[in-house]
Each structure stands twice: as C-alpha cells, then as structure tokens.
Engineer: 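One structure follows; several queries about it will come next.
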Amino acid sequence: MEIAAETVDTICAVSTPPGEGGISIIRISGPDSRTILEKIFRPKKKTTKLPGGTLRLGYIFDPGNGADIDEVLAVFMKAPGTYTREDVAEVHSHGGFAAQSSIIKAILSQGARLADPGEFTKRAFLNGRIDLVQAESVLDVIKSETDEELKYAVNYLKGRLSKKVNTFRDVLKNALAAFEASIDFPDEDIDIDFSGHLALLKKARKDIDDLVSSYYEGKGLKSGFEVLIAGRTNVGKSSILNALALKERAIVTDLPGTTRDLIEETLYIKGMKVHLIDSAGIRTPENIVEEEGVRRVKEKASEADLIVWVLDGSQPFSAEDQHVYDVISQYKSIVIINKSDLTRHIDLNILTSLKITSYIEMSAKTGLGLDEAKSLIFSNLLKAGRKNSLLITTIRHRDILKKVSHNIGTVINGLENDEYHAELLAFELHEALHHLGEITGETCSEDILNTIFSQFCIGK
Ligand code: GDP
C-alpha cells in the first residue's frame, strides 16, 4: 500500500457531539499525548506520573497563565492497546461550549493539531488495528437507527465480512498458486488437477453473488424500505397507514379522490425501518390534479420495494380494482383485504384467478389483523433465511464484489471449457485478489480512503 503506516504528529478533537451536555470527551492521539496532558492537567491528588489507564480527577488549566479551565477526569492510555494503537489521552470535561473550546486551545498550544474528520479511526486502520470494512462499520454503528441495522453493523465491526473476504482470498490464492506452477513449469509433465480448485471457485462465486444480491436488503436496512399502499379510492389506504403508524397523520375522508398527494410515514416494523407511502387512489383521473397524482403513483410503484394492494372486502371486486391490478401486477406486491369488520362481499376466487396466494384480511377500523399485516410486510421485505447471515450494506462493497464475481466467472468458464491460457486465468485471479483487497483496505488508494473517512465527523 502506498500510504505511510506511521503517523508522527499528535491530534486532538472533541469526540462527543457539540453543544451542551453532562460531559464532553476530548481525545488526544499520538506520540506527545502524555506530555501534552501532563502540561495542562493538575491532578487533585499529587503523583509523580499519570498512571496509564486510570481515570484521575483534577483540573485542566491554561498553560499560559495557570488559571483553571474546568474540573475534569483525565486518563492516559499507552500504545498499542488503544483505539488508534498510538498513545491516547482523554479528558472528560463538563459538556459546555466554553469548556470544550478552552481545553482544545490549551491542547493545541502544546503542539497538537486539530484532527481531520475520521482521523482517529483512520489511524486505527493505518496502524493495523482494524481493516477498512471494520473502519467503515464504525460509521454504520454510529449512524444505526434500528436494532436490525445495529446488529449488522456490529457484526461488521467484529470482522464477520472481513473473515468471509479472507476465505475467498484463500481460495483464489490457492488456485493462483496452481496456475502459476503450470506456467512456471510448462514443459515438465506435471499434470495439475484443477478440479478441486474449480469446485472451490464455484462455491466462492456463489457466495459472492449471494452477497451482491443481499445489497438490496442491506440498503433497505440502512436507509429504510419503501412500501407503497395502492388501491382504488375509499378502500381504506389512509386508514391502514394510520393504523400501521399508530398516528393520525394522513387525512381520512369519505370523499373519493381526496388523498391526491403521496403521504409518507416512517415506521419500524420489528426493528426494520419502513417508509410507508399512501397514494392517491389509482383510478381514471378526473382532473389535472388527480392526473398528476396518478402519474406519481405509477412512478412510485416502479421504485417501491413492495406494494401493498388494498381491497375493500365489503364491496365486490370492481373494474377500478382491476385497473389498479393492471398498474401494479408487474411489481412485487402483497394483498390486504380491508374492512373485515363488515360483511364480506368480495369474492375471494378473484384472487385465485389472479394467481395471488399471499393475502391477509384486516380491519383498519378495529385493528384486527394488523399484526399479521406487519408480519407479511416484514417477511416480504427481508427474506427470512437471510436474517442471521451476512448482508452487504454499502454500494462500494457491492460494486467490488461484482467485479470479483466477473473475474472468477471467467476463470470458471476457462476451466470448464478446458481451453484456456493459464496466464490469462492467472491474470483474472490477480485482479480478483486486488479487488478483494480494496474491500479490506490492503489495495486501496489514498483517494478512496479519503472519501471514506471524510464521511466521518471530526472526533471519530
Ligand atoms: P382511501 O381512500 O383508500 O385512503 O380510504 P380511507 O382510509 O380514506 O377510508 C375510506 C373510508 O373507509 C373512511 O370512511 C374510513 O373510515 C373507512 N374505513 C377504512 N378502513 C375501514 C375498516 O377497516 N372498516 C370500516 N368499517 N371502515 C373503514
């Protein structure tokens, strides 16, 4: 890697969020951490030296005039057993703007510089404590809003994806060694049997393709899935949205065609973020405003991760219902038959003739069947089998894995057709290994690193 693994200067930043708070943590990392802390910290109980790893009560003072700035707890932690693998000092001050900025000024006056965004984590990566996937997951952990999201981010932080990538790397390296042996000794009659490698390459490619396709769910976990509630007017779309969101947000009305715009509500279904979008009834537009509404519903239908098609169970299936079906049938959808508190007049055989097997009956009015509706939405968004395995949550990882899959595919084809140049296949394997290194950071350019770490805040 082109990047120098050694860092020589000492950096500092406030690591807690800006603004008022009970406490604020200021972090210092680098070779001068201890000296700097000793020059601005006066422990209440005098000791000759700050013991490593122990929080001490005392005062941070202005080294210029000796005046106390704030009463704090301070700790020094010796390298390499620290976040950055460098000497680290932390000052836990009171969480106020003046206290924070005066302490930072005192630290800077002793030769530290202000850290760049994500620089502590970048140093942890450059010093080999974590790889790039783990560094990226620090940001994911910080940004997690739901339990599901946090679970996957912590798995990454613990190195689950890195381990998987390393198993792919071992398969590729072993196959490469076999190719290179056949290239190095072309004239010698060593009959290298590639069948074992072929099987392992196929397995690796399948696992990689599974990871690539898991991005759809990974992305949804992070930014939320879009679920469009579609159906003709008055079937109860707004009421269902309200019942699911447990908030009276959409305006419910008896007049057909009044929910003309798209109304969105974000909710959590079993710890998963879902953006529920209520649509104008899809029906033949009667005026300009409705026409625009219908156009937007059609557009949303093509973008949504799932469509919940609502039918009114108390009414016979109508031409308007059929019209909605015609619009949404090409997309992934589930069916809710609403108003189950009223006498049923819909003929459920219509669903059979439309080849719809997955539906539930509910009542937005009484709440009956609401939990089943949530479960049906959940299971259609997140494949049940995937729940405890790995997911790709960043487009960077997905794009790299796609390239690796392509490289391995070429090698598999070559081996299967038995007409290949070992040099070419070795080249593909080298490429694939290079790409895998971009995931964990071994073969990553400074530019990519800067892009990744610039997404962090200062102090991380
Ligand atoms: P939308 O046009 O599809 O959004 O339908 P609304 O949510 O505005 O509901 C239309 C009418 O049906 C309103 O008068 C609701 O109170 C009523 N409604 C909605 N859901 C139910 C239900 O489950 N049972 C009954 N009895 N009425 C409902």
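The analysis underlying the following values was restricted to heavy atoms, covering all of them including side chains, and did not include hydrogens, waters or symmetry mates. Ligands are counted one by one from 1 in listed order, and the atoms in each one are counted from 1 as well. Owing to the predicted nature of the structure, the values given are computational and were not obtained by experimental measurement. Throughout, numbering of the chain's residues begins at 1 and tracks the sequence.
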Engineer: Answer yes or no: is there a side-chain heavy-atom contact under 4.5 Å between Leu228 and Glu303?
Structural biologist: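 When only atoms from C-beta onward are counted, Glu303 and Leu228 do not touch, as no gap falls below 4.5 Å.
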Engineer: Which pairs, with at least one residue in residues 428-453 and sequence neighbours excluded, count as a ring pair (Phe, Tyr, Trp, His ring centres under 6.0 Å)?
Structural biologist: Phe453-Phe456
Engineer: Under 3.5 Å, N or O to N or O, is Ala364 touching ligand 1 that way?
Structural biologist: yes
Engineer: Could you list the atoms of ligand 1 found under 4.0 angstrom from a heavy atom of Ser239?
Structural biologist: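 Reading through ligand 1 atom by atom, the close ones are 6 (P), 7 (O), 9 (O), 15 (C), 19 (C), 20 (N).
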Engineer: Please assess Lys403 against Glu431 for the test salt bridge (Lys or Arg N to Asp or Glu O under 4.0 Å), listing each intermediate value before the final yes or no.
Structural biologist: CA-CA 9 Å; Lys403 289 187 211 161; Glu431 282 251 292; over 6 Å; no
Engineer: With Glu86 as reference, evaluate Lys122, Arg27, Arg123, Arg129 under the salt bridge (Lys or Arg N to Asp or Glu O under 4.0 Å) test and give the passing residue.
Structural biologist: Arg123
Engineer: Quick check: do Leu429 and Val411 have side-chain heavy atoms less than 4.5 Å from each other?
Structural biologist: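 Leu429 vs Val411: side chains touch.
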Engineer: Classify the angle between the aromatic ring planes of Tyr325 and Trp309 as parallel (below 30°), tilted (30 to 60°) or perpendicular (above 60°).
Structural biologist: tilted
Engineer: So is there a nitrogen or oxygen of Val235 less than 3.5 Å from a nitrogen or oxygen in ligand 1?
Structural biologist: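 Between Val235 and ligand 1 (N or O atoms, distance only) the closest approach is under 3.5 Å.
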Engineer: So for ligand 1, is Thr233 a polar contact partner (N or O within less than 3.5 Å, distance only)?
Structural biologist: no
Engineer: Under 4.0 Å, heavy atoms only, figure out whether ligand 1 is touched by the backbone of Asn338, its side chain, both or neither.
Structural biologist: side chain
Engineer: Should you measure from each heavy atom of Leu342, which atoms of ligand 1 turn up under 4.0 Å away?
Structural biologist: 26 (N)
Engineer: Consider every N or O of Ser340 and every N or O of ligand 1, then say whether any pair is closer than 3.5 Å.
Structural biologist: no
Engineer: Sort and list the pairs that fulfil salt bridge (Lys or Arg N to Asp or Glu O under 4.0 Å) and have at least one residue in residues 344-371, not counting sequence neighbours.
Structural biologist: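 Qualifying pairs: Arg344-Glu361.
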Engineer: Going by distance only, is there an N or O of Lys365 that falls short of 3.5 Å from an N or O of ligand 1?
Structural biologist: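 Indeed, backbone or side chain, Lys365 has an N or O that close.
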Engineer: Going by the atom numbers of ligand 1, which of them fall below 4.0 Å from some non-hydrogen atom of Lys237?
Structural biologist: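 Once the distances to Lys237 are compared, the set is 1 (P), 2 (O), 3 (O), 4 (O), 5 (O), 7 (O).
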Engineer: Within ligand 1, which atoms have a heavy atom of Asp341 less than 4.0 Å away?
Structural biologist: 22 (C), 23 (O), 24 (N), 25 (C), 26 (N)
